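See below for the structure under consideration.
Naming: A, B, ... by sequence-line order, numbering from 1 per chain. Being a predicted model, the structure only gives us computed values, none of them experimental.
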Amino acid sequence: MIKVEHISKTYYSGRGRLQALSDVSFSAEAGTTTAVIGKSGSGKTTLLNCIGALLRPDNGSVTCFGTQVNILSSKDVSLFQRRNMGFIFQSGNLLSYYTVFDNIAFPLILNGIGKKERKKHVSFLLERIGLTGAENALPNELSGGEAQRVAAARAIAHSPQMLLADEPTASLDSETGKKLIVLLFEMTKDQKCSLVLSTHDPELINLCDQSFHMRDGRLLKEAI
Amino acid sequence: MIPSTPYCHWVRSAFLFLVRSGRSTFVLSLMVVVAVSSLIFLSSFAVGVNDAMIRNSVGLFSGHISAAGLPSSVSPGDLMAKGTKHVLKRIEVIGMISAGNKAEAINMVGIEPLSERQATAFARKITEGRDIQNGSHEILLSSNISEKLGVVVGDSIRFTAEGIERPIDLKVSGIYKTGIASLDLGFAFCPADSLPLKTYAWTAAVFLRDDVKPEAIVSLYKQLLDKDYSFTTWKESMPDLVQLINLNYFSMSIVIVLVFGVVSLGISCAFVVFIFKGLREYGIMKAMGVTSGEVSFLIVTEVVLINIAACLAGGILGVAAVFFFSKNGIDLSYWTSHNQYFVVSGEIFPRLTAYSLIGPPAASLSFGLISAIWPALLIARKKAVDILKVI
């Protein structure tokens, strides 16, 4: 279960004080899909980053599967992330000097999965995302859609308990974006993994178990 | 319990990063290669300059080690040891040389002309006539003494001394000029077998290889010979040269440190740029759960790998240049012809020493690692989200 309780986050910059999150609370059961919908600057990315322990909220707590991640040390956060979380960013963010195979295998290496098992699992995932034969390609040789599919496979490769996807279709055309979303939902369902994704796309509400609207750092309403 | 990621994975990752950052890696490597090879050559050249000064100073006449008062029971063969090239036997007799009504006090040196020609460069300093021959009754005079006596090549002079059985007549075969006062003012040379001596003590001039320390040979002689004879190394007989060499090493060290400093600053800046080029990758890795320690290890491994590869290439290039010029020499006669420490030859033969070979790569690696500390710490301390936000 993911439990976010009363978290707030304020940024200070040359533009002054910016309240990115303001007393945000919600929870998501294990294996469910959650969409956070809102305009740019509404605080979606900050919320996902707080859930994924990439950011520490100023107040409140974030508990993921029994671990309060916002109080973990830097090293423990890293170890928690590598074991329990998968991230998909807006624009792939594949490791540019790794091949497709190496990118997908990376979280498996971090989790100490042996070479043989790694190879088998990556081959399975490549087949799953329809990129069999592209294992030796470098990220710059892939199209945007292919890169995001590889990013999805990499995020799910180590069977994390939670997948965080920050506007994964933002850099794709609508058709490719839809295909990626379908793939993401299928993969998270197969792995019984909780998915939290942020998006501009209201159509995604119907696909998710729950969704939240965000505006100016606040959760406005919940739709089921 | 999460297992720590094997080191070999980070080494492989660092290798891939370098290989796939082809152009940046090449440019950075080239800087290190040029710096390392230049500095290896420069420091070897400095050693070669010092070698040349020693070789010139001892190679004209005195040898690296001299010994006086050796009895006839000790032979030059007894002084041949590992590292010695030649041992010359000389018999010195103080006497008078006269021509007509003119006479000069002289230190007559009886030599074995053929061996002298093989070991010393003295014959090159003959300005008129030719060198003396084995078995002849000939004399080699300095231009200074020949002027004082008013003799020229082909004239005869008479030599008398207390230690010889009778006065001997010698024909002037050649006239020399070294530019070194001690040799030009008080010495004359004749074949040792032309001196009718009853008993004699001889002096030895021992010539060594460039890389052999004279002190080591002297200590060997002291072990081998039953009596404690007096051996003098060139360092003891030429303190001015020792000082000059030390000064040369000191100046060259300053130059090398300055060059290292400037080059290293360039290398350091290039490393910083190179590391920050991979900022995005490190941010993604951190977001995936790579610890700060692992990121730091990866960065340091990249720096070490690129340094090892570039230092190897630079080392090979530097050693090849040193090897080439050590065989062919670098002729600096134009700048050294009036210098007494280059009296025989102005050719420099760079010589590789352990310091020349290890110093530049070690400095490169050290400066590379130092330059990696700041970006490694910065990236390790920075949150993934901050890294990904700025790129």
Answer yes or no: is there a side-chain heavy-atom contact under 4.5 Å between [X] and [Y]?
X: B/Val290; Y: A/Phe106; result: yes
X: B/Ser292; Y: A/Ser78; result: no
X: A/Val77; Y: B/Lys286; result: no
X: B/Leu16; Y: A/Asp102; result: yes
X: A/Leu110; Y: B/His9; result: no

*For B/Met288, which of A/Arg82, A/Gln81, A/Arg154 qualifies under side-chain contact (heavy atoms from CB on, under 4.5 Å)?*
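Single side-chain contact (heavy atoms from CB on, under 4.5 Å) partner of B/Met288 among A/Arg82, A/Gln81, A/Arg154: A/Arg154.
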*Closest approach of B/Thr291 and A/Leu79, non-hydrogen atoms and distance?*
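Scanning both residues completely, I find the closest heavy atoms to be CG2-CD2, 4.2 Å.
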*Does the side chain of B/Ser13 come under 3.5 Å of the side chain of A/Tyr97 through a donor N or O and an acceptor N or O?*
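No, A/Tyr97 and B/Ser13 have no side-chain donor paired with an acceptor closer than 3.5 Å.
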Tell me, for [X] versus chain A, whether the close heavy atoms (under 4.5 Å) come from the side chain, the backbone, both or neither.
X: B/Ser21; answer: neither
X: B/Arg381; answer: neither
X: B/Ala384; answer: side chain

Residues, nucleotides or ligands: over 12 heavy atoms within 6.0 Å of [X] [atom1]:
X: A/Phe124; atom1: CZ; result: no
X: A/Glu127; atom1: CD; result: no
X: B/Arg20; atom1: CZ; result: yes
X: B/Phe26; atom1: CZ; result: no
X: A/Asp58; atom1: CG; result: yes
X: B/Phe15; atom1: CZ; result: no

*What part of A/Asn84 is in contact with chain B, defined as an atom under 4.5 angstrom from a non-hydrogen atom: side chain, backbone, both or neither?*
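For A/Asn84, neither part sits under 4.5 Å from chain B.
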*asked:* Need one label for A/Thr99: side chain, backbone, both or neither, based on atoms under 4.5 Å from any heavy atom in chain B.
replied: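 Both backbone and side chain of A/Thr99 come within 4.5 Å of chain B.
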*asked:* Could you measure the distance from the CG atom of A/Asn49 to the NZ atom of B/Lys383? Nearest 0.5 Å is fine.
replied: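 Output value for this atom pair is 10.5 Å.
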*Of all of A/Pro107, A/Ser96, A/Ala155, which one pairs up most often with chain B through heavy atoms under 4.5 Å apart?*
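Of the candidates given, the most pairs with chain B belong to A/Ser96.
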*asked:* Shorter than 4.5 Å, heavy atoms on both sides: which option in A/Leu138, A/Leu54, A/Leu95 has the most such pairs with chain B?
replied: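 Maximum pair count with chain B is reached by A/Leu95.
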*asked:* Non-hydrogen contacts under 4.5 angstrom with chain A: give the residues of residues 42-52 of chain B involved, or none if there are none.
replied: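 From residues 42-52 of chain B, none sit under 4.5 Å of chain A.
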